[in-house]
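Notes follow the structure.
Basis for what follows: all heavy atoms, side chains included, without hydrogens, waters or symmetry-related copies. We name chains A, B, ... by the order of the sequence lines, and we start the count at 1 in each one.
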Protein chains: 2
Amino acid sequence: MSTLTISDKIYNQLSAQIISGEIKPGQKLEEQEIANQFGVSRTPIREAFRLLHTSGLVESKAHKGVTVIELDIDQLSDMYEALQELEALCARLSAERMTAVERKQIQRMHQLSEEAVHSEDVERFAELNNQIHTAIHQGSRNKTLQETIAKLRKRLSLYRQPWLFEKRNRLEASYREHAELVEAIIAGDRDQAFDAMRNHISNTSLGTIDYLISQKPL
Amino acid sequence: MSTLTISDKIYNQLSAQIISGEIKPGQKLEEQEIANQFGVSRTPIREAFRLLHTSGLVESKAHKGVTVIELDIDQLSDMYEALQELEALCARLSAERMTAVERKQIQRMHQLSEEAVHSEDVERFAELNNQIHTAIHQGSRNKTLQETIAKLRKRLSLYRQPWLFEKRNRLEASYREHAELVEAIIAGDRDQAFDAMRNHISNTSLGTIDYLISQKPL
DNA sequence: ACTTAGAGATTTGTACACAATAAAAAGCCG
DNA sequence: CGGCTTTTTATTGTGTACAAATCTCTAAGT
């Protein structure tokens with residue numbers, strides 16, 4: 001059992017609040033205010049801010065405090081463009097490196113997700129979707145890739161609410177894209193796995209970005 | 001003119017010392033010791049440590065302080081595998097997105113590097129090599145990619161000494177690989193640019209890793 | 001002689017006070 | 001009245017003291 005420090009606990013809390021949307025992009029975090037809120041001094045708050053900064057959830061400038069990152073369409077496009085390639089790479093590596101057991105597992109997850117599609121259970125599908133993607137990240141056997149992707153997805157998650165919304169329309173499409181992806185990985189087809197994942201993330205991102213553009217007409 | 005805070009200055013110093021090899025991988029950084037060294041209190045040191053952590057140059061555990069990251073062969077392989085794909089992607093995007101001026105500029109840098117090859121000026125070649133790569137990163141028009149690559153290269157730079165050593169042997173090979181790469185970007189050939197860069201980084205990494213394996217026989 | 005328990009020393013974590021910087025408000029001059 | 005300078009205020013940066021945790025070295029016990 002590891003004894004978490006106060007800074008760590010506060011980091012976890014703030015991190016969750018930011019990701020859940022309780023603390024919104026662009027919002028400033030004031031040291032004293034949060035210190036009062038948690039009933040501690042400013043010191044561990046500052047440490048927690050640094051952890052948030054490391055996670056890429058906030059940005060900080062000297063003498064100006066920290067604010068939750070605010071991503072515009074261009075930045076989101078950049079991040080999705082990178083994510084698309086990195087996840088596609090993971091898929092290719094997974095097609096090469098996964099054990100037989102791992103391949104069976106993603107096949108099972110995919111089968112389970114079929115039920116979620118039929119019952120239109122978006123939450124359940126999202127959960128299985130996450131499991132499949134995570135399994136493929138691990139299947140790549142590359143920690144650097146996993147960490148980079150995890151960080152990107154964490155930052156992108158601040159803008160996932162519309163994604164869940166959009167997801168309802170893309171439920172069946174997503175399922176079919178997964179089908180192609182899982183099939184390729186099980187067959188050990190590097191190139192098809194790469195293309196299938198690249199296509200899948202591309203479609204996902206297009207949906208999200210289109211939605212954001214429609215929401216925020218400049 | 002921005003007024004740098006003490007934490008920032010100390011971060012810059014420590015960062016430079018770590019990258020230059022003055023502070024070695026695995027070495028522990030003690031707050032009080034460094035505070036005395038710089039003639040300040042522990043507080044800004046702790047802030048500087050957080051910045052180092054964000055850069056990925058050190059790792060920290062609760063109540064155990066921070067230590068300079070120590071990468072084994074597997075981790076280096078992972079990082080190079082990721083770097084290879086990311087840089088290749090940048091090359092592809094640059095082939096599509098660079099302006100005519102930018103294409104001329106990398107051509108010019110490449111031409112200059114030819115002289116460095118003939119005079120066997122490794123330092124000069126390394127400098128131009130960096131410029132070419134940086135230009136290609138910028139040519140991708142993708143900030144996320146640029147930052148991710150920059151961070152990876154920074155961490156890898158702790159182990160670049162043998163690379164510079166090895167580089168002497170790879171001087172001409174590197175130049176020829178660059179030639180193919182630059183040619184592809186100027187011609188706007190996405191796929192050739194991708195393959196050329198992927199091949200180039202792959203060769204570079206193999207050299208480095210082979211060297212490290214020969215140095216550290218398990 | 002080796003292991004283990006514990007006291008002391010060392011190091012990191014937190015609280016609080018003060019200094020420095022930047023933002024906001026008030027005052028001054030045209 | 002408007003633009004600029006000065007003063008005030010609020011927020012972050014730094015120093016210092018103390019608490020908590022870890023490490024180390026000693027000593028007792030098997």
Check side-chain hydrogen bond (donor to acceptor under 3.5 Å, both in side chains) between [X] and all other residues, then give those that pass, not counting sequence neighbours.
X         : result
Arg155(B) : none
Glu147(A) : none
Gln131(A) : none

Contact boundaries on DNA chain D for chain B, cut-off under 4.0 Å to non-hydrogen atoms
dG13(D) to dC23(D)

Check salt bridge (charged side-chain N to carboxylate O under 4.0 Å, His left out) between [X] and all other residues, then give those that pass, not counting sequence neighbours.
X         : result
Glu177(A) : Arg170(A)
Glu30(B)  : none
Glu59(A)  : none
Arg97(A)  : Glu81(B)

Contacts satisfying salt bridge (Lys or Arg N to Asp or Glu O under 4.0 Å) that involve residues 98-111 of chain B (not counting sequence neighbours) are Glu102(B)-Arg141(B)

Please, which pairs that meet salt bridge (Lys or Arg N to Asp or Glu O under 4.0 Å) have at least one residue in residues 82-92 of chain B, sequence neighbours excluded?
Glu85(A)-Arg92(B), Arg92(A)-Glu85(B), Glu85(B)-Arg198(B), Glu87(B)-Arg153(B)

Gap between atoms [atom1] and [atom2], on [X] and [N] respectively (whole Å):
X        : N       : atom1 : atom2 : value
Glu31(A) : dA15(C) : CD    : C1'   : 14 Å
Glu33(B) : dT10(C) : CD    : C1'   : 13 Å
Phe38(A) : dT14(C) : CZ    : P     : 13 Å

For nucleotides 22-24 of chain C, print each protein N/O atom paired with a nucleotide N/O atom at under 3.5 Å, atom names and distance only.
from: dA23(C); atom 1: OP1; to: Lys64(A); atom 2: NZ; distance (Å): 3.3

Mutual orientation of the aromatic rings belonging to His110(B) and Tyr175(B) [parallel < 30°, tilted 30-60°, perpendicular > 60°]
parallel

Which residues within residues 42-60 of chain A lie with some heavy atom under 4.0 Å of an atom in DNA chain D?
Arg42(A), Arg46(A)

